[in-house]
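When reading the values below, keep in mind they use all heavy atoms of this one structure, side chains included, and skip hydrogens, waters and symmetry mates.
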Amino acid sequence: MANGQWYPPEWPDRIRALASGELTPATPRRAATVMLLRDGADQGAPEVHMLRRRASMAFAGGAYAYPGGGVDPRDDDRLVRWAGPTRASWAARLGVDDEAAAQAIVCAAVRETYEEAGVLLAGPTPETVVGDTTGADWEADREALVARDVSFAEFLDRRGLFLRSDLLGAWARWITPEFEPRRYDTFFFVASLPEGQRTRNASTEADRTVWIRPAEAAAGYDKGELLMMPPTISTLRALAAHASPRAALAAAPAQDMTPVLAQAHLRDGELVLTWPGHDEFTKRIATDGTR
């Protein structure tokens with residue numbers, strides 16, 4: 001392949017079914033993912049934490065991604081201890097209708113980073129962050145969150161922790177194409193690895209994790225060595241322009257949060273798949289199924 005763009009073989013048939021009216025688009029579920037950054041070695045370019053999805057996964061198996069997952073609706077029905085911009089500010093930034101929805105999305109970002117990377121963006125006061133989270137009691141709580149035995153809001157409340165929303169920056173928003181059977185309205189965040197915490201592969205969905213410079217990861221994609229979905233490589237290219245995690249966080253408020261949704265059209269005997277504003281991902285599919 002020319003690059004590492006993840007492209008499932010069933011897409012052409014599903015695009016045709018959508019174009020003919022035979023396929024009814026699924027309603028996208030809200031999700032959040034976090035691009036966790038740390039300073040590079042010897043004051044070099046910052047590195048981003050990425051995981052490789054197991055090849056056995058039905059969706060994007062073998063692709064590199066960031067920690068992330070779906071929003072838990074239980075996280076919008078109780079107020080959590082909150083540090084940073086107000087919930088109203090987050091609702092405006094994320095483009096959602098109410099403060100409860102904004103809280104649930106931010107909770108999902110922090111929860112998934114904890115579940116899949118072992119990093120917790122929360123602390124006992126609005127100005128602090130917890131230290132080591134690798135103890136047996138922390139692991140029991142993390143596993144309970146993974147199993148959805150407790151909501152993240154309940155976990156924070158029981159631990160007496162403040163969610164540090166000020167450590168997150170909203171970066172992008174991508175919606176799974178209408179022809180996909182499982183669709184997500186995904187909010188991308190950027191964050192810096194808190195001092196004293198370490199990442200680990202805590203995800204059952206990943207077989208590898210890496211710290212890698214965004215430019216290096218993008219180069220691997222361009223060579224066809226690293227498999228990625230369009231939102232992942234797009235955000236990597238944007239991150240590569242920043243010299244430090246602090247610089248990336250400072251740039252977050254200026255990032256465009258307009259949702260990116262792929263569009264499929266029948267044009268001159270071809271099915272043309274485009275992501276508005278991201279021409280590099282355009283795919284042309286012949287009506288006989290060849291590419």
Side-chain angles (χ1 to χ4, degrees), residues 32-53 63-69 83-85 106-124 126-135 138-139 142 161-172 186-203 205-221 225-226 228-229 231-255:
T33 187
V34 177
M35 302 175 289
L36 189 63
L37 301 174
R38 72 178 184 187
D39 290 315
D42 301 323
Q43 297 184 335
E47 298 172 328
V48 62
H49 181 70
M50 303 190 75
L51 54 84
R52 184 176 65 187
R53 295 174 59 83
Y64 281 79
Y66 314 113
V106 175
C107 277
V110 178
R111 185 198 71 236
E112 288 292 332
T113 306
Y114 182 45
E115 287 184 5
E116 298 195 342
V119 170
L120 183 58
L121 303 176
E127 297 82 24
T128 58
V129 180
V130 297
D132 185 11
T133 61
T134 59
W138 286 105
E139 182 59 17
R142 192 194 65 80
L161 297 175
F162 287 81
L163 186 149
R164 292 290 305 275
S165 82
D166 54 321
L167 299 181
L168 289 167
W171 193 269
T186 304
F187 296 82
F188 285 72
F189 295 85
V190 64
S192 181
L193 178 67
E195 185 175 354
Q197 293 195 38
R198 296 175 296 171
T199 58
R200 58 193 176 92
N201 183 7
S203 173
E205 299 180 354
D207 60 12
R208 184 188 184 212
T209 60
V210 296
W211 280 101
I212 187 170
R213 291 184 296 112
E216 182 182 345
Y221 166 89
E225 298 171 351
L226 300 182
M228 299 179 199
M229 293 175 283
T232 308
I233 182 59
S234 173
T235 49
L236 277 173
R237 295 201 197 285
L239 285 176
H242 302 286
S244 68
R246 182 186 296 271
L249 280 165
Q255 299 301 308

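Across Ala217 and Met228, no two heavy atoms sit closer than the pair O-CE, 3.4 Å. The two residues Arg164 and Ala122 come nearest to each other via the heavy atoms CG-CA, 4.0 Å. Looking at every heavy atom in both residues, Ser244 comes nearest to Asp39 through CB-OD1, 4.4 Å. Scanning both residues, Phe189 and Ala109, for their nearest heavy atoms gives CD1-CB, 3.7 Å. Scanning all heavy atoms of the two residues, the minimum distance from Leu239 to Ala248 falls at CD2-CB, 4.3 Å. Tyr66 and Thr232 make their closest contact through OH-O, 3.2 Å (heavy atoms, listed as atom of the first residue, atom of the second, distance).
Using modelled atom types and a 3.5 Å distance limit, the side chains of Trp211 and Thr199 yield a donor-acceptor pair. For the residue pair Arg53 / Tyr64, no side-chain donor-acceptor distance below 3.5 Å is found, with atom types taken as modelled.
With hydrogens and angles ignored, the 3.5 Å screen pairs no side-chain donor or acceptor of Glu112 with any backbone N or O of Ala32.
In this structure, the side chains of His49 and Pro67 come closer than 4.5 Å at one or more pairs of heavy atoms. At least one side-chain heavy atom of Asp166 sits under 4.5 Å from a side-chain heavy atom of Pro85. Leu51 places none of its side-chain heavy atoms less than 4.5 Å from the side chain of Arg208. Side-chain contact between Tyr221 and Arg237 is present, with heavy atoms from C-beta onward closer than 4.5 Å. Between Asp132 and Trp138, the closest side-chain pair of non-hydrogen atoms is not below 4.5 Å. Using a 4.5 Å cut-off on side-chain heavy atoms (C-beta onward), Met50 and Thr209 make no contact.
Residues passing the side-chain hydrogen bond (donor to acceptor under 3.5 Å, both in side chains) test with Arg38 are Glu47, sequence neighbours excluded. With sequence neighbours left out, the salt bridge (charged side-chain N to carboxylate O under 4.0 Å, His left out) criterion links Glu139 to Arg142, Arg200. Tyr114 pairs by the side-chain hydrogen bond (donor to acceptor under 3.5 Å, both in side chains) definition with nothing, not counting sequence neighbours.
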Practice problem: Check the pair Leu249 / Val190 against side chain to side chain contact (heavy atoms under 4.5 Å, CB included), numbers first and verdict last. | Solution: CA-CA 7 Å; Leu249 280 165; Val190 64; 3.8 Å; yes
Exercise. Report the C-alpha separation of Thr128 and Phe162 in whole Å, then their side-chain angles, then the decisive distance to 0.1 Å, and conclude whether the side chain to side chain contact (heavy atoms under 4.5 Å, CB included) test is met.
Key: CA-CA 9 Å; Thr128 58; Phe162 287 81; over 6 Å; no
Practice problem: Run the numbers on Leu167 and Ser192 for side chain to side chain contact (heavy atoms under 4.5 Å, CB included), then give the verdict. | Solution: CA-CA 7 Å; Leu167 299 181; Ser192 181; over 6 Å; no
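Residue Pro194 is tested with Thr133, Leu120, Leu121 for a side-chain contact (heavy atoms from CB on, under 4.5 Å); the sole match is Leu121. Evaluated for a side-chain contact (heavy atoms from CB on, under 4.5 Å) with Val48, the options Val34, Val210, Ile212, Thr235 yield exactly one hit, Ile212.
Note that OG1 of Thr113 and CE of Met35 are 11.0 Å apart. Values are rounded to the nearest 0.5 Å.
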